[in-house]
Amino acid sequence: MSKKVRVRFAPSPTGPLHIGGVRTALYNYLFAKKLGGDFILRIEDTDQNRLVQGAEQYIIDSLKWVGIEPNEGVGFGDGQFAPYRQSDRKDSYRQYAEQLLNADFAYYAFDTETDLEQLKAAHPNFKYDANTRSKGKNSLTLSADEVAQRLANKEHYVIRIKLPLDEDVKFHDEIRGHVTVNTSQMDDKVLLKSDGMPTYHLANVCDDYIMQISHVIRGEEWLPSAPLHVLLYRYLGWESSMPKFAHLPVVLKPDGNGKLSKRDGDRLGFPVFPLEWTDPISNEISSGYKQKGYLPEAVLNMLAFLGWNPGTEQEFFSKEELIEAFSIDNIHKAGAKFDFEKAKWFNAEYIKKLSDEALASLVKEMVCTKFGNQDDTYLAKAVGLVKERFVFLNDIELFGYLFQATEKYDATILSKINNIKENFNVDAFADFLQQQTNTDLIAIETSLKEFATNNTIKVGDMMKFLRVSLVGELSGPTIPELIQLFGSEETSKRVKNCFSQL
Ligand code: GLU
């Protein structure tokens, strides 16, 4: 019987979660949901020196915002295998390091920082391995008595894995196929550190085993660690329940030249983090997709395509459709270029798909803060007129005229409608507008044209003047739509004000 699908997203809280990390979480989530499995959030914080305040909460908040919520894990409720934060499980790892020591798959190493510096200085490209460990101060070179003495004296030590000199480690990667690495390319990695904490490698393997993880789906940067993990499973006697590995392609800069970094986002003007992040030390603020006005659904759709495609022409996928369509077989090996224009396009398209009421509720707070309280029906009508022109939710700020009349018109724009001034009876026009009772768009248009003809004004000139009066610029929705939205009173008020400034 094949085991239940259980996958995990296992970030280290060393800073804000990069958008590539969200992609890893998403693929884990889709895989689990598709196969009726569990998705777990495990926080890998064994490297206490690299912890960044607020990073763990940021990870939780980001997953919540994009809507890929784990079944179990830190911030998402205790499942069978809690705790899910490795520092809270810290005492559980030593027994496994000791099991490896007893089976001669690991050894104590007492080398100080200075000892290691000296070894590195004396041997070019030094790595602690089967060739060089005879030069170190460890339980393979020191007598049993001396080792016992040093341990009794509570000297600092680490426990290292003992790798064979020359052995092929083979495993299958669900994305890359067969992988073979010779142990001569590897080193005797530290498993348990002098502070008693396990390293990432030991904790990661033990937890994946204990938490019954069936598939390890993670970024390609972890591929070089996989042979070591395979050996750990073997040496701990867990090889038959070793998870399957799938190493995801890297997320590349837009030009494909290297990994996408925070600096690329700053340089090219797009966020690389889901939510805004304030560095707790420097107070530097990095922008986030949420605050830039992205819809989480658009971000998910965009991320899904960063290394995967459904094998069909379909581009829009709801979360449910992604779950349905997702398969590891359609994940690419090659790095995925981050395409910011595509991200913007997805967002604009997702905004267009929203109902006027839904868009209104998403921008309501922004509008009310900036332009004062708004009636819900009015707000929905107003955003409906400009929905097609949104790229980001924050673009609502470009349409302030929908909520507030222009006080002082721009001189350059006024100069473009100045010709209306001659022989134009603005009071008669304002009265005409004020008496408008038409609510039908075509009827409004017809009566405007009639007014122009009856008063020997060029329709084009009058419409232009009206447009600037209502919008403050020469763009925007159609005039009848604007009149219908603003109502006769407001329309005639704006017209009078604009005319007075010509
Ligand atoms: N803690 C690792 C990271 O920060 C997780 C690697 C893995 O998923 O095994 O990315």
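For the numbers below, each heavy atom of this structure counts, side chains included, while hydrogens, waters and symmetry mates do not. Sequence positions, counted from 1, serve as the residue numbers for this chain. We count ligands from 1, going down the list as the structure has it; atoms in each ligand are counted the same way.
- Among residue pairs with one or both ends in residues 254-273, those qualifying as ring pair (Phe, Tyr, Trp, His ring centres under 6.0 Å) are Phe270-Phe338, Phe270-Phe340; sequence neighbours excluded.
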Pairs under 3.5 Å, N/O atoms on ligand 1 and on the protein: can you put them in a table with the distances?
residue, atom, partner, partner atom, Å
ligand 1, 1 (N), Ala10, O, 2.8
ligand 1, 1 (N), Ser12, OG, 3.0
ligand 1, 1 (N), Glu44, OE1, 2.6
ligand 1, 4 (O), Ser12, N, 3.2
ligand 1, 4 (O), Ser12, OG, 3.1
ligand 1, 8 (O), Arg8, NH1, 2.7
ligand 1, 8 (O), Arg8, NH2, 3.4
ligand 1, 9 (O), Arg8, NH2, 2.9
ligand 1, 9 (O), Tyr200, OH, 3.0
ligand 1, 9 (O), Asn204, ND2, 2.9
ligand 1, 9 (O), Arg218, NH1, 2.8
ligand 1, 10 (O), Trp222, NE1, 3.2

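- Legend: residues meeting salt bridge (Lys or Arg N to Asp or Glu O under 4.0 Å) with Lys344, ordered by chain and number and at least two apart, are Glu341.
- Ring centers of Phe39 and Phe9: at least 6.0 Å apart, outside the cut-off.
- Side-chain contact check for His229 and Asp208: no donor-acceptor pair (N or O, by modelled atom type) lies under 3.5 Å.
- With hydrogens and angles left out, the side-chain atoms of Asp207 and Gln86 include a donor and acceptor closer than 3.5 Å.
- With sequence neighbours left out, Lys127 forms a salt bridge (Lys or Arg N to Asp or Glu O under 4.0 Å) with Asp129.
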